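Working notes, structure below.
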There are 2 protein chains.
Amino acid sequence: MPPPRPARTRTGRPPVTSRAQIMEAARRLIDRDGWEKLTLRRLATELGIGTTTLYHHVRDKEDLMVQLITDHADRMPHPELPDNPRERIIVAAIAIHDALAALPWAAEALTVDGFLGRLGDTALWHVETIVAGAVAHGCTPEQAVDVFRNIWYYTVGEILVRARTANHRHLDREKLLNQQKLRFDNRDSTQLPHLAAIGNQWPTLASRDIYPQGLRAFVDGLLSHATTDTAPLSR
Amino acid sequence: MPPPRPARTRTGRPPVTSRAQIMEAARRLIDRDGWEKLTLRRLATELGIGTTTLYHHVRDKEDLMVQLITDHADRMPHPELPDNPRERIIVAAIAIHDALAALPWAAEALTVDGFLGRLGDTALWHVETIVAGAVAHGCTPEQAVDVFRNIWYYTVGEILVRARTANHRHLDREKLLNQQKLRFDNRDSTQLPHLAAIGNQWPTLASRDIYPQGLRAFVDGLLSHATTDTAPLSR
DNA sequence: ACCTGAACACCGTTCAAGT
DNA sequence: ACCTGAACACCGTTCAAGT
């Protein structure tokens, strides 16, 4: 296989940057200043290039963010898979979750249309594992896709909600103090007895990580529903 | 209780707008031009007032969006509750889901910290119903909160993902055409056999509404896990 | 081939001044 | 009491022109 761009054939002005350099600088910027500060202008300054040069490498800002996530996702290690199909689903889902949880800023891009389709084969291997696990457990391909989609919704929701409640790294000190904590102890205890009883315990309870247990319960429910239904949904 | 502001006592310049008028205009703007076009400047123009006047009624843009959602949520009708606790949870969750699905633009505000705490008693009644249903089924209060949180993650995730894939009302025609549909038929069929087999069927499968079935499976899984565990999680 | 500054069309937010 | 324009400090994106 010949080098795609032989040096002798190259003509015109040489590139000042590359896709890899852009992605690296973007990650550096996010780590240093927080993801809210990732703008094309700042990114160009970080790279020491003109802002508009970035448009040779990314279509627009959304494209930059999606590339950032899919790059990260495609570097995910494949976890060891257990024999049990149900457990394989759990392991793959947790791997997806953990990979995305490392990018809590990903919120905006995570729900972009066609996001899954832009993942590389390495990241899709996790999707494949979940679908294959469901089929191995006795699901039809349609049901297996539903299993994946349901897990995907749950995983995305957990990450988006928790990313904004947990990570206060980049909030002003003042805003943090003013922030009214979620508490139900001043609520009408006649109308909302259980919430009133929980009262100011809610924030403590809500800070616990329940993803793995929730996932297990969900997968159990999905698999038993799928294989119990004698007549799969018509049409 | 005396009227909070007797007319005779009022002094100074009279208000040009009210919170209710602002909310109404914001909803009108979103309905007409799409939620991406909701800006404080446009909203002020819609109302025929100065932009900065809005800052007397909302703290900032996020506050405006949260107020918009909580207003909407607090007008939710209470659904009829069945006798079965499990079914009560389902009915309340679907009510929450449907109320939020009517505001697909809500994404940004839905995951704001302390969002639940800003809901009024009418909207919280649905949360109460879910927690109460779980307790009636045999959960501890802690487990009941976990049940709610898990349902919340799933519901938020479903709405955020589907809001961006389904609703193409406000996309340019061109962007829609260029959009690469999610399809796996050109994937490596050795590495990803199940996805390759599904191929271009994925978009069709993914467009089906699976929330109610997924919810039922999840609730079943959550309730049976909670009441099967002989030893609830320590600490 | 590739890069760029200038310009366009916007944002949210602050604040001193006006009525 | 309440409202406001002007200004600040930014955005993403386009495009004609430069090397």
Side-chain angles (χ1 to χ4, degrees), chain A residues 3-22 25-26 29-30 33-68 105 108-109 112 170-172 174-175 178, chain B residues 3-22 25-26 29-30 33-68 105 108-109 112 170-172 174-175 178:
Chain A
R5 281 182 189 169
R8 73 182 78 188
T9 319
R10 294 266 276 93
T11 118
R13 198 165 170 174
V16 292
T17 191
S18 67
R19 212 190 74 102
Q21 276 176 64
I22 291 172
L29 211 49
I30 291 170
D33 304 332
W35 87 268
E36 306 87 338
K37 295 289 177 59
L38 176 65
T39 67
L40 295 178
R41 291 170 121 104
R42 275 169 148 267
L43 180 54
T45 306
E46 176 81 15
L47 285 159
I49 63 173
T51 306
T52 46
T53 307
L54 287 172
Y55 283 86
H56 287 272
H57 299 91
V58 298
R59 195 163 14 78
D60 51 25
K61 202 195 170 180
E62 184 180 283
D63 185 52
L64 170 69
M65 301 215 304
V66 172
Q67 280 195 43
L68 234 28
W105 54 268
E108 237 88 325
V112 151
H170 295 292
L171 275 183
D172 330 5
E174 206 197 341
K175 212 173 181 179
N178 289 355
Chain B
R5 283 182 188 168
R8 75 185 76 191
T9 319
R10 292 266 276 94
T11 118
R13 199 163 167 174
V16 294
T17 191
S18 67
R19 212 190 74 102
Q21 277 176 61
I22 290 172
L29 211 50
I30 291 170
D33 304 331
W35 88 269
E36 305 87 340
K37 295 290 176 61
L38 177 65
T39 67
L40 294 177
R41 289 171 122 104
R42 275 169 148 268
L43 180 54
T45 307
E46 175 82 13
L47 285 158
I49 63 172
T51 305
T52 46
T53 306
L54 288 172
Y55 283 85
H56 287 273
H57 299 90
V58 298
R59 194 163 14 82
D60 51 26
K61 202 194 172 183
E62 183 180 284
D63 185 52
L64 170 69
M65 302 217 300
V66 172
Q67 279 194 45
L68 234 29
W105 53 267
E108 236 89 327
V112 151
H170 296 290
L171 276 184
D172 331 3
E174 206 196 341
K175 210 172 182 181
N178 288 356

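Naming: A, B, ... by sequence-line order, numbering from 1 per chain. Owing to the predicted nature of the structure, the values given are computational and were not obtained by experimental measurement.
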Practice task
State, yes or no, whether a side-chain contact exists between B:Leu64 and B:Ile22 at a heavy-atom distance under 4.5 Å.
Solution key: yes
Practice task
Please state how far atom CD in A:Glu36 lies from atom P in D:dC10, giving the value in whole angstrom units.
Solution key: 15 Å
Exercise for the section: Would you indicate what B:Thr39 reaches in the nucleic acid, counting non-hydrogen atoms under 4.0 angstrom: base, sugar-phosphate, or nothing? Expected result: sugar-phosphate
Handout entry: C:dG5 base / A:Thr51 side chain donor-acceptor hit below 3.5 Å
Key = no
Practice task
From the options C:dT4, C:dG12, D:dT13, select the nucleotide whose nearest atom is closest to the side chain of A:His56.
Solution key: C:dT4
Exercise for the section: Hey, could you give me the NE2/OG1 distance between A:His56 and A:Thr17, rounded to the nearest 0.5 Å? Expected result: 12.0 Å
Practice task
Rounded off to whole Å, could you give me the CG-to-P distance for the A:Asp60 and C:dA9 pair?
Solution key: 20 Å
Problem - Atom-pair distance (CG on B:Leu64; P on C:dC11), nearest Å - result: 14 Å
Exercise for the section: For B:Asp33 and C:dC11, give me the distance from atom CG to atom C1', rounded to whole Å. Expected result: 16 Å
Fill in the blank from the handout: When both distances are under 3.5 Å in a Watson-Crick or G-U wobble arrangement, the nucleotide paired with D:dT4 is C:dA16
Practice task
Please give the nucleotide sitting opposite C:dC10 as a Watson-Crick or G-U wobble pair, both distances under 3.5 Å, or none.
Solution key: none
Exercise for the section: Choose from C:dC15, D:dT13, C:dG5 the nucleotide whose nearest atom is closest to any side-chain atom of A:Lys61. Expected result: D:dT13
Handout entry: Pairwise 5' ranking along DNA chain C for A:Val16 and B:Leu38, keeping only the more 5' one
Key = A:Val16
Handout entry: Atom-pair distance (CG on B:Leu43; P on C:dC11), nearest Å
Key = 11 Å
Fill in the blank from the handout: Taking D:dT4, C:dG12, D:dC11 as options, the one with an atom nearest any side-chain atom of A:Arg42 is D:dC11
Practice task
Select base, sugar-phosphate, or nothing to describe what A:Thr53 touches, counting heavy atoms under 4.0 Å on all strands.
Solution key: base
Problem - d(NE2, A:His57; P, C:dA1) in whole Å - result: 15 Å
Completion exercise
When rounded to whole Å, the CG to P distance for the pair A:Leu40 and D:dC10 reads 16 Å
Handout entry: Residue met sooner reading DNA chain C from 5', once A:Arg41 and A:Ile49 are mapped to nucleotides
Key = A:Ile49
Exercise for the section: Starting from P on C:dG12, measure out to CE on B:Met65 and report it in whole angstrom. Expected result: 10 Å
Practice task
Please measure how far the P atom in C:dC10 lies from the corresponding atom in D:dA9, and state the result in whole Å.
Solution key: 22 Å
Fill in the blank from the handout: For A:Asp60 and A:Tyr55 the tightest heavy-atom approach is CA-CE2, 4.4 Å
Handout entry: Reported CZ-to-CD distance for the pair A:Arg19 and A:Gln67, which is rounded to 0.5 angstrom
Key = 4.5 Å
Problem - CG on A:Leu29 to OG1 on A:Thr39, rounded to 0.5 Å - result: 7.5 Å
